[in-house]
Amino acid sequence: AAGWCSAASKQGLDARGRLLRAEEAKILAIRRRERHFPPRLLELAAALRARFREFTAQVPSFVEELRLMPEYTGPSPHSHARQQWARFCEQFKAEVNVLDRAYVKFEMLALSLVTCLIGTALAPVQHLMAPSGVIMHRFDDPFREVQTAVLCQRLGLLKRQVKFGGPHNLVHFDPGLLVKARRLVQMGTYSELCNLAERMLTKFDALCKVLVYIKIEHICPELSENAELRTAVLELENIWAECQFLLLQEALDFIRDLLDFLRGGGLDEFPRWQLRIGLLTDAEASQESAQEMKYARITVFETLPILVYLDEVWRDIAAQKAGQEAGTFCRYRELFCPKDDRHHTLRRDFSKFDEHRFEKFRAYLLGDASEDAIDRGQMRYFRMLHRQLKEVAAFAPDDPQQVIWAATRPEEDAPDGFLASSAVVKEAKRKKL
């Protein structure tokens, strides 16, 4: 029997040692993973657990002692029953005090950790409140532009830390874009761009208003669950994603050249109608046939870019022949085309064309020239040039809204099936206009 007791005691000690080693390994793992987590909390939790087990182990003895306690019969302070009651109360109070001290220590550290975590979660929004107040209420502040830049920088940090959803997931907001938007509104340039600029400024003011009037005690620590804040951020992000490309000076210059190209008779009536149909999103084009939408998207993403690029190359060749510097009319190439030797090869080939041959090739691109009007050798040459132009200047036909999303979405955040590969992502980023 003594041997059995000794073996049982040894097994108990081994089990307790394994538990202690497991606790130490757990604390060490948390220290490595969570640098700011207080390991003292686990120690206090283990102490509280041990105290509670000790207290619950003594409860049956307290109940039995209470059951055997003699009944209190008189006021005499020296009676045996009164002494037993006093001794029982003191002993029970001491055990409760030991448990209470362990619980209070654990509770104080746990609540301080929770307070710290909540403060850390709310810090990004709190850092946005001060510059928002200056922007909304102090219009004569000399540092208003500085506060705007600070707000844009902290908004980017907020987007890095919190997943609000949305298709774009922008993490960089350039304050210079707001300055350019205000200047465009004052100048009254293209109406579509003015509307975009006004919408972006309105959404920016709406976000500032939300940040000014929101109560910090009403904010959910999980910031993405605050509906008003999430809506304001996503609405600003959606319009910012378009304006960050369309309000570039290079993009504005190209838009002017593109409008001049379209107004100057660069396309006939039917291709223009295809452009209007091709710019509809999939939801808007539900009434159009699939084949019609296919050819319209080819006109938008292949034919028109090739014609614009070809017009730039031809004008650049004519300008160089007139004694001007080469590269003067290459805005489309600078914005969209890959920077390699394929452009120089195409330019060298087209510099050998005369006006009549160039018009014949242009008619071939638009489908106005029949194959009977072009000899077989020239047709093969035109097909080769067309294939090279598609590689350099054209895009894969797609939904315009998907193009904007792909152009403004970081590569690592693209969901499965949204973009097939990194090559498709790079191709989509070329279609940002």
Backbone N/O of L307 and side chain of D311: donor-acceptor pair under 3.5 Å
no
Under the rule for ring pair (Phe, Tyr, Trp, His ring centres under 6.0 Å), what residues qualify as partners of F173, not counting sequence neighbours?
W240
Between R383 and Q388, does any side-chain donor sit less than 3.5 Å from a side-chain acceptor?
no
Determine yes or no for a side-chain-to-main-chain donor-acceptor pair under 3.5 angstrom, with R342 supplying the side chain and V392 the backbone.
no
Is the shortest side-chain heavy-atom distance between L158 and L155 below 4.5 Å?
yes
Between N226 (side chain only) and E228 (backbone N and O only), is there a donor and an acceptor less than 3.5 Å apart?
no
Please collect all salt bridge (Lys or Arg N to Asp or Glu O under 4.0 Å) contacts where either partner lies in residues 180-201, sequence neighbours excluded, each pair once.
none
Applying ring-ring contact (aromatic ring centres under 6.0 Å, His included) to F353 and F350, what does each step give before you reach the verdict?
CA-CA 5 Å; F353 280 34; F350 283 112; 5.2 Å; yes
N/O donor-acceptor pair under 3.5 Å between N238 side chain and L234 backbone:
yes
If the condition is side chain to side chain donor-acceptor pair (under 3.5 Å), which residues does D257 pass it with, not counting sequence neighbours?
R331
Would you check if the side chain of E237 reaches a backbone N or O of N169 as a donor-acceptor pair within less than 3.5 Å?
yes
Between Y309 and L304 (side chain of the first, backbone of the second, donor and acceptor by atom type, cut-off under 3.5 Å), is there such a pair?
no
Should the pair R297 and F301 be classed as cation-pi, given the thresholds of under 6.0 Å to the six-membered ring centre and 45° from the axis?
no
Determine yes or no for a side-chain-to-main-chain donor-acceptor pair under 3.5 angstrom, with R230 supplying the side chain and F164 the backbone.
no
Any donor-acceptor pair under 3.5 Å linking the side chain of D354 with the backbone of R357?
yes
Is it the case that the side chain of R51 and the backbone of L99 share a donor-acceptor pair, with hydrogens and angles ignored and the cut-off at 3.5 Å?
no
Measure centre to centre between the rings of F358 and F361, then say whether the value is under 6.0 Å.
no
Is E312 reaching over with its side chain to a backbone N or O of Y332, donor-acceptor style, under 3.5 angstrom?
yes
